[in-house]
2 protein chains.
Amino acid sequence: MKENGRDIVLLAHGDGGALTHELINNLFLRHFESNILKTLTDAAVFSVNEGRMAITTDSFVVDPPFFPGGDVGKLAVCGTVNDLAVSGARPVYLTASFILEEGLPLADLESIVQSMAGACGVAGVEIVTGDTKVVEKGHLDKIFINTTGVGYIFPGVDLGYHRIKPGDKVLVNGSLGQHGIAVLCKRYGFDFAGQVMSDCAPLNGITSLLLKEIRGIKIMRDLTRGGLATTAKEIASACGLDIWLDENCIPVDAGVKGAAEMLGLDPLYLANEGKFMVIVSPEEAEKAVAVMQGHELGRDASIIGEVKPGKGNVYLSTSLGGTKLLDLMAGSPLPRIC
Amino acid sequence: MKENGRDIVLLAHGDGGALTHELINNLFLRHFESNILKTLTDAAVFSVNEGRMAITTDSFVVDPPFFPGGDVGKLAVCGTVNDLAVSGARPVYLTASFILEEGLPLADLESIVQSMAGACGVAGVEIVTGDTKVVEKGHLDKIFINTTGVGYIFPGVDLGYHRIKPGDKVLVNGSLGQHGIAVLCKRYGFDFAGQVMSDCAPLNGITSLLLKEIRGIKIMRDLTRGGLATTAKEIASACGLDIWLDENCIPVDAGVKGAAEMLGLDPLYLANEGKFMVIVSPEEAEKAVAVMQGHELGRDASIIGEVKPGKGNVYLSTSLGGTKLLDLMAGSPLPRIC
């Protein structure tokens, strides 16, 4: 059926019958390259070797689904790849589950699927199985995508709160807050000078490089919902140590800084989709920064803080010379940022 | 915040901050028992041995979320467990991703989570990682859940279209159409004499029993969206053989039969959530029926048809002595049945 001359998603595309088959064959299989996916059985089957695997899941409900620097499809692949990457894993297989609103233009769906395929190519992962549901117009906002991913933990890698010690350094791979600002500006139609682009990118290249080169990596975390501050607080609470961050050292682009100031938002709480925090032993911190800077997703990597004995608090030494206590994000919900 | 005196889901429950943490600790972790889940890291880590694994994903958008015989939570666990089970796998780990509508009563969410935990207990699987998103009131209908599951393929098991041969028998484990009728009657407020209950149940117990006892199992498929007819047609098309079904042998409860007649629906196209089809070598068909009947989810198991040489068609020998060609479901979408 067409709406305004465009082919659209119908309820029957999700009923498991003829139109579902058509959608799978004419759209998904045309973009997602995988011999496992092609079997189209109830479950995808793959061989494993002895070792440790990681699994992670995320549903993506970003509003709007298309934003500067990406779309919900690219986000859905990168988000799940990144959760595996920072866990010390090599991401391998993804599942993709689509919930579509009746009336969604098929061209929009195709464009999103194309982005997913592109991001899979960059990350070197394969979508091996999927699912499609369609709900009545008005019962869902356009498109939600769940991706679940599995990967192999690199042999010998041991990341976790238990390894963090006073003196360890805190690093990030680049400028913070881009994804949050890009999505919010698009959603509300703000047009600041110099459009901010989402930093959405698969991090498994840079994390695997780091794990290979640097033995002293204690933990890695991607800085999505809640941003740097919330993640730092989670880590500090979990290991009962304090984290001191130095505002002067935290990279924030001028575009993000300006937009955040005008919107009354704090870049340290804004979502990122291609940024991660690393805690590393002090002896290897400089080398880790150098390794990150050698990768295109780590050009602006820097040491932004230190772990100290304490009680699970996060302190920010501000650029004005003061000290600020940072807590979990609370009371200022920015829904549907991913 | 309360609405009509009840605690409800807020946007901030999905922002990754303090309220998200509260929801995870006070609700999810209270019901989902798993040492892996407790680590609350970006990805769950587990050990694997050499072998073959299966992975499957499904998003559940059933309307209404509560129906006779189950709810969206029970469905989300059983649906994914069953996809693994019919693939010849022993389901082990599940991920659970929640998309919640702002304003959903927390008591409803808790009741759904409780059902999930109950179904996990019956199926012997563990929810090891999850995700929660909240969208603004009116942008989603109450609650959608994605579950993705992994399991180990039983050693030596080889299921697939390639094994199906003319002469093979077609079996089901019981009466068809209950889930579809239960959900539709609840959704539209139909009140027929004798309420039909959903057949929603984890099938991994009965499938593993079958795989252990019967060598000649060629393929198993659960009969969800599109029902028996659509699944039979998919199998026939894929292997280029005909499937002949005998209407007189297909078990359909009187309650389902009556309701389906009044609603103008064909039980062979109605969704099931605890029924599966088995194709087995003729020599072992009777033994397979006996094994199924020995399990509580197979009391009404029967041989309902046969594979014959042909061109990928499905024929139904009707109770009136005629023959009917069955195709994929088309043109009568019953959205949001699972």
Side-chain angles (χ1 to χ4, degrees), chain A residues 10-12 14-19 21 41-59 61 83-84 86-87 89 93 95-97 99 128-131 133-136 139-141 144 146 148 150 153 221-222 224-226 230 328-331 333-336, chain B residues 10-12 14-19 21 41-59 61 83-84 86-87 89 93 95-97 99 128-131 133-136 139-141 144 146 148 150 153 221-222 224-226 230 328-331 333-336:
Chain A
L10 305 176
L11 285 175
D15 71 2
L19 272 183
H21 282 251
T41 44
D42 283 314
V45 176
F46 57 93
S47 297
V48 287
N49 295 320
E50 197 169 313
R52 284 178 304 152
M53 295 194 81
I55 185 166
T56 189
T57 189
D58 253 317
S59 289
V61 299
D83 277 341
L84 293 171
V86 296
S87 303
Y93 300 123
T95 65
S97 179
I99 313 181
V128 291
T129 189
D131 176 51
K133 297 281 157 55
V134 180
V135 304
E136 313 90 320
H139 287 240
L140 162 86
D141 193 12
F144 296 164
N146 175 283
T148 300
V150 292
I153 300 279
R221 290 286 303 271
D222 57 340
T224 55
R225 284 183 291 179
T230 301
L328 296 177
M329 181 152 78
L334 298 171
R336 303 180 58 189
Chain B
L10 305 176
L11 285 174
D15 70 2
L19 272 184
H21 282 251
T41 45
D42 283 314
V45 176
F46 57 94
S47 297
V48 288
N49 295 320
E50 197 170 312
R52 285 178 303 152
M53 293 193 82
I55 185 165
T56 189
T57 189
D58 252 317
S59 289
V61 301
D83 277 341
L84 292 171
V86 296
S87 302
Y93 300 123
T95 66
S97 179
I99 314 182
V128 291
T129 189
D131 176 51
K133 297 279 156 54
V134 181
V135 305
E136 313 90 321
H139 287 240
L140 162 86
D141 192 11
F144 296 164
N146 176 283
T148 300
V150 293
I153 300 279
R221 291 285 302 273
D222 57 339
T224 55
R225 284 183 291 179
T230 301
L328 297 177
M329 183 152 77
L334 297 171
R336 304 181 57 189

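Throughout, protein chains are lettered first and strands after them, A, B, ... in sequence-line order, and every chain is numbered starting at 1. In what follows, every heavy atom counts, from backbone to side chain, and hydrogens, waters and symmetry copies are set aside.
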Contact origin within B:Val134 toward chain A - heavy atom pairs under 4.5 Å: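 Contact with chain A is through the backbone of B:Val134 alone.
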Which atoms of B:Ile55 approach chain A - backbone, side chain, both or neither, heavy atom under 4.5 Å: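 Both backbone and side chain.
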Would you say that [X] contacts [Y] through its side chain, given a criterion of any heavy-atom pair below 4.5 Å between the two side chains?
{"X": "B:Val135", "Y": "A:Phe144", "result": "yes"}
{"X": "B:Thr95", "Y": "A:Thr56", "result": "no"}
{"X": "A:Asp222", "Y": "B:Asp42", "result": "yes"}
{"X": "B:Arg336", "Y": "A:Glu136", "result": "yes"}
{"X": "A:Val45", "Y": "B:Met53", "result": "no"}
{"X": "A:Val61", "Y": "B:Ile99", "result": "yes"}

For the interface with chain B, which of [options] has the highest count of heavy-atom pairs at distances below 4.5 Å?
{"options": "A:Gly14, A:Ser59, A:Ser87, A:Gly130", "value": "A:Ser59"}
{"options": "A:His21, A:Arg52, A:Glu50, A:Lys133", "value": "A:Lys133"}
{"options": "A:Gly226, A:Ser47, A:Ala96", "value": "A:Ser47"}

Heavy-atom closest pair, residues B:Ala18 and A:Leu328: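 In this case the closest contact between B:Ala18 and A:Leu328 is CA-CD1, 3.8 Å.
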Which atom of B:Asp58 lies closest to which atom of A:Ser97, heavy atoms considered: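 It is C-OG, 4.1 Å.
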Check ion pair A:Arg225-B:Asp131 (N to O, under 4.0 angstrom):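 Looking at A:Arg225 and B:Asp131, the cut-off is met.
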Could you tell me which portion of [X] (side chain, backbone, both or neither) has an atom closer than 4.5 angstrom to a non-hydrogen atom of chain B?
{"X": "A:Thr129", "answer": "both"}
{"X": "A:Thr230", "answer": "side chain"}
{"X": "A:Val48", "answer": "both"}
{"X": "A:Ala89", "answer": "neither"}
{"X": "A:Tyr93", "answer": "neither"}

Residue selection (most heavy-atom pairs with chain A, distance under 4.5 Å) from B:Thr57, B:Asn49, B:Thr41: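 If we count pairs closer than 4.5 Å to chain A, B:Thr57 comes out on top.
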Residue, of B:Ala54, B:Gly51, B:Gly16, that accumulates the most heavy atom pairs under 4.5 Å with chain A: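 Max contact count across the listed options: B:Gly51.
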Euclidean distance, B:Asn146 CG relative to A:Thr148 OG1, rounded to 0.5 Å: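 A:Thr148 OG1 to B:Asn146 CG: 5.0 Å, rounded to 0.5 Å.
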